[in-house]
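First comes the structure, then the notes that go with it.
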Amino acid sequence: MSDDSPESLKRNAFQILLSLADKDLHGYGIRGEVLERTEGTVKLWPGMLYRTLGDLEDAGLIEACEPPESAPDDGRERQYYRATPAGRSALEAEARRMAAYVETARSKAVIG
Amino acid sequence: MRIRRALLRILLRCYPRDFRRRHGAELEAMARDVLDERDDGGARGDGGRGSPGRLRLWARLVLDAVTQGMALRLHAARDAVGGTNPLLLDLRQAVRSLVRRPGFTVLSVSTLGVGIGAVALAFTLFHSVLLRPLPFPEEDRLVGLWHAAPGLRPDDINQSPASYFLYREGNRVFEDLGLWDQGQVTVTGLDRPERATRLLVTDGLLPTLGFPVRLGRTFLPEDDRPGASATAILTHPYWQSRFGSDPGVVGRTIDLDGEPHEIVGVLEEGFLFREPALLTPARFDPATAMSGDFSYQIIARLAAGVTMDEAHADLERLLPRLATDFDGHLTPATLRDAGFRPVVRTLRQDYVGEAEAPLWMLLGVVGGVLLIACANVGNLFLARAESRRKEIATRTAMGASGWSVVRTLLAESLLLALVAGGVGLLLAVSGVRALVAHGPELLREIPSLEVSPSVVGMTLAVSALSGAFFALLPSMRLGGHDLVETLKQGVRDAGGGPGRARVRDGLLVTQVALAIVLLIGSGLMVRSYRAMQDVDPGFAAPDELVTVRLGFPERAVPDPERVALSHRAVLEALAAIPGVSSVGASTSVTMDGRDSHNNIHLEAFPATSGELPAVYRVKFVAGAYAETMGIPVVAGRTLTWADLEDRRRAVVVSEDLALRYWDRPGQAVGQRLGFEPGEWWEIVGVTGSIHDDGLHAEAVPIVYFPMIGARAGGGLFAHRTLTHVIRTERPSALLPRIRETIWSVDPTLPLTDLGTHGEVVRRSLSQTAFAMLLLLAAAGVALLLGTVGVYGVVSYVVSRRTREIGVRMALGADRGTVGRLVLRRGAVLVGAGVAIGLVVSAALARLAEAALFGVRALDPLTYGAVSVGLAAVAMAAVWLPARRAARVDPVEALRWE
């Protein structure tokens with residue numbers, strides 16, 4: 001599969017796909033998930049986030065979807081996104097690539 | 001919250017439209033969520049609490065929107081023209097490079113923006129006044145006709161009714177011509193009586209100008225015949241404001257100075273000539289037209305193909321007939337002796353003549369500021385080019401051609417200059433608004449003062465030029481090598497090169513010299529302004545003088561005697577107000593511009609035949625005019641009510657007039673003078689000289705006549721409109737009381753120009769004050785930019801030479817020697833700049849001489865103080881880096897690099 005993906009995912013795209021791996025989210029939700037998971041080191045500002053979302057959507061890696069039933073009704077219409085199968089494979093390929101790096105680093109005793 | 005929404009909307013504008021349509025609502029909602037999370041207590045840790053945190057959050061949002069928006073737009077553009085357009089790549093690289101060095105970018109953009117903004121503002125004024133066409137078709141064929149008579153007076157003489165008839169009937173060169181004069185009339189029959197500006201015109205004026213009517217008709221020859229029924233044409237603004245744009249206004253009647261006038265037409269919008277409220281026909285009688293009454297102006301339209309010289313020759317042919325064909329005091333001998341000749345000027349010259357010199361000066365001043373800004377930014381670019389040698393070396397090593405390196409630099413500097421141009425335009429737009437709101441009245445008279453498309457074009461051109469200059473500067477060397485070659489060489493040589501150092505030094509010297517010129521200019525203006533304030537105007541405490549202009553129209557008060565009594569009644573009522581110490585009246589008050597001149601014959605100094613009588617300013621006064629104005633009595637006495645009642649032929653003259661003929665003012669008392677020989681008035685007193693034309697002008701000799709008197713041919717004359725002057729220590733408190741008092745005497749009386757005389761005096765100072773403020777602002781900017789420039793260059797040189805300084809110290813040089821080395825180098829450069837600046841100032845000062853008052857163009861005090869002051873500031877800017885140089889630790893310095 002990794003042969004099919006022309007280039008590795010950029011950092012923001014990877015983070016977004018990762019946050020959509022197990023649930024559908026809206027833009028602000030993605031920001032919150034990433035912020036929490038990375039302990040505040042990756043901050044997705046609105047322009048940056050939506051530019052990447054647009055690129056991912058154009059590349060067919062994510063798609064817009066209906067809000068899940070569990071979504072809180074706060075009176076705001078929010079656009080939710082979900083990862084497409086192609087998006088999942090791209091994410092998987094990227095994660096494997098990273099894992100391979102980590103393995104190498106471990107075998108060279110760079111990390112424990 | 002409403003502000004927040006508006007700000008977010010503005011931020012959204014950063015993104016391309018497609019993107020906004022796709023994500024706009026979500027983007028806005030998310031930005032709001034991000035802002036809210038801070039207000040929730042900063043759970044997510046962005047920005048922190050309080051206003052600084054909020055500001056930081058906003059700054060991040062702005063940065064995000066700007067960078068992402070720019071990236072999206074560049075992508076879209078690249079997709080549109082194909083992926084690898086080198087221009088777009090250059091542009092993208094330029095944006096990146098400028099964003100990467102925000103300090104350099106902000107400093108350059110703001111410095112250059114100020115310079116360009118000043119030029120754009122000056123060019124806006126220049127364009128609106130000098131270059132914009134007048135609102136008349138084929139404007140280049142419109143000319144003003146004048147006379148020169150060097151034997152009579154130095155400036156031009158205008159036209160008389162006789163010369164109008166002579167030129168209109170006799171010329172072979174004009175399509176048509178018209179005569180005009182501007183004056184004030186009292187308009188009654190509207191809701192309130194009021195004074196309005198009236199243009200007295202002959203029937204040919206509107207056709208000559210080619211200006212159309214919107215309603216009704218223009219004046220016909222029948223309207224302009226003597227004894228014709230009175231007609232009037234309204235201008236568009238007056239029709240709008242006073243007649244509510246009533247389409248049925250034609251045919252209605254209004255009273256002007258008591259005479260009913262039928263409205264026959266309304267002018268089209270945009271009659272920007274003198275901005276009158278209405279026009280009336282002059283109705284001169286050719287049979288009684290006087291040849292010597294030069295109080296009117298003529299505008300003519302040249303026939304197709306006729307040159308100014310041909311027009312001049314034709315008028316010269318007609319001129320002798322002015323003395324032979326008409327009555328008046330003009331004889332062929334007078335024409336010859338006074339050197340009478342016609343003068344033909346373009347209407348544009350007449351229209352903008354006075355404004356031209358100051359506008360050129362303004363353009364020169366702001367040009368100087370722009371040059372300083374360019375020199376400053378140029379030095380920043382030089383320093384930057386040297387610090388980027390590594391980057392450029394890498395690029396050439398990777399195969400970039402010399403041309404592509406130059407193109408990158410060019411893209412960067414052009415982009416920067418254009419952004420600065422945008423900043424400059426914004427500054428100019430707000431500057432124009434501020435000028436219209438707070439500038440001198442003169443500026444408010446300029447029709448449609450605005451930043452026009454041609455100003456924008458000019459600004460962009462200036463920006464592009466300066467951008468190209470900055471790009472080429474790093475490669476400029478004495479000897480002029482090939483550009484690309486030089487750049488490559490610059491990559492290799494390590495010290496920046498002597499040529500480049502010379503360019504840098506040259507820029508620094510230029511900055512200092514320009515700052516000297518601007519500082520001396522403003523110094524001279526400050527001295528002029530102070531000299532003017534010190535001038536004794538000839539009267540006392542203008543802030544304690546209230547003036548109000550009152551007139552009794554002939555219709556309401558036909559009898560001259562009643563006019564005098566009515567004015568007296570008002571004056572006596574005003575004098576009775578508690579707090580008023582004295583009152584008087586005159587046809588014109590100092591500096592109000594209502595000058596009137598007459599031939600004055602002196603009995604003791606009869607004019608020999610052919611010699612022209614002297615022309616003096618005359619005023620017609622009533623009440624205690626001199627006492628109220630605070631004009632001192634030098635000899636004899638002033639005019640009293642008794643003189644007026646008894647119709648005594650008594651006058652008062654000013655001291656400077658008396659001293660023209662007699663050794664002591666007192667000798668004038670008892671002498672006689674008059675408008676005609678034989679009809680004498682006795683001089684009963686001499687009062688102090690008055691700077692009647694403003695503080696910047698010489699005192700003007702004046703003859704004061706009573707406002708009512710016996711006419712030479714029998715009957716009485718009385719001046720209907722007088723300015724009443726009221727002296728009180730509480731002028732503003734008494735204004736309402738004064739108004740009530742006047743209306744208690746006559747409720748239908750229109751009063752105009754009610755205010756303190758101090759305002760009039762300040763207006764006389766305001767043009768000099770404005771020029772002074774302008775130059776001070778320019779000089780302040782020049783001083784600031786110049787100092788920053790000197791500091792920047794010297795500290796840059798010190799930092800580049802740290803290693804050399806370290807070596808010197810390691811070899812035994814002490815700290816003092818090193819500091820002096822830097823100081824000496826700075827002193828040489830600053831000294832050269834000061835010297836050049838002094839020479840240039842002295843050369844330019846002659847041009848500014850006309851604007852100066854009470855100070856010589858080569859005033860040693862100004863030149864000395866400015867040189868010493870600027871040198872001190874500049875040396876302070878050198879001292880800071882010199883001190884740093886002296887503190888260099890040799891060990892650290894040698895380890896450096």
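Computed from heavy atoms alone, side chains included, the values below leave out hydrogens, waters and symmetry copies. Naming convention: chains lettered A, B, ... in sequence-line order (proteins, then strands); numbering from 1 in each chain.
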Write out, in numerical order, the residues from residues 18-27 of chain A with a heavy atom short of 4.5 Å from a heavy atom in chain B. A/Gly27
Using 0.5 Å steps for rounding, measure from the CE atom of B/Met30 to the CG atom of A/Leu44. 7.0 Å
Take a 6.0 Å sphere around CZ of A/Arg37 and say whether it holds more than 12 heavy atoms from other residues, nucleotides or ligands. yes
Measure the shortest side-chain to side-chain distance between B/Asp33 and A/Arg78 over non-hydrogen atoms and say whether it is less than 4.5 angstrom. yes
All heavy atoms of B/Ala71 vs all of A/Arg51, minimum pair found to be CB-NH1, 3.5 Å
Could you measure the distance from the CG atom of B/Leu27 to the CH2 atom of A/Trp45? Nearest 0.5 Å is fine. 13.5 Å
Looking at B/Asp64 and A/Lys43, does any basic side-chain N land under 4.0 Å from a carboxylate oxygen? no
Within the structure provided, determine whether A/Tyr50 and B/Tyr15 are in side-chain contact (heavy-atom separation under 4.5 Å). no
N/O donor-acceptor pair under 3.5 Å between A/Gln79 side chain and B/Glu26 backbone: no
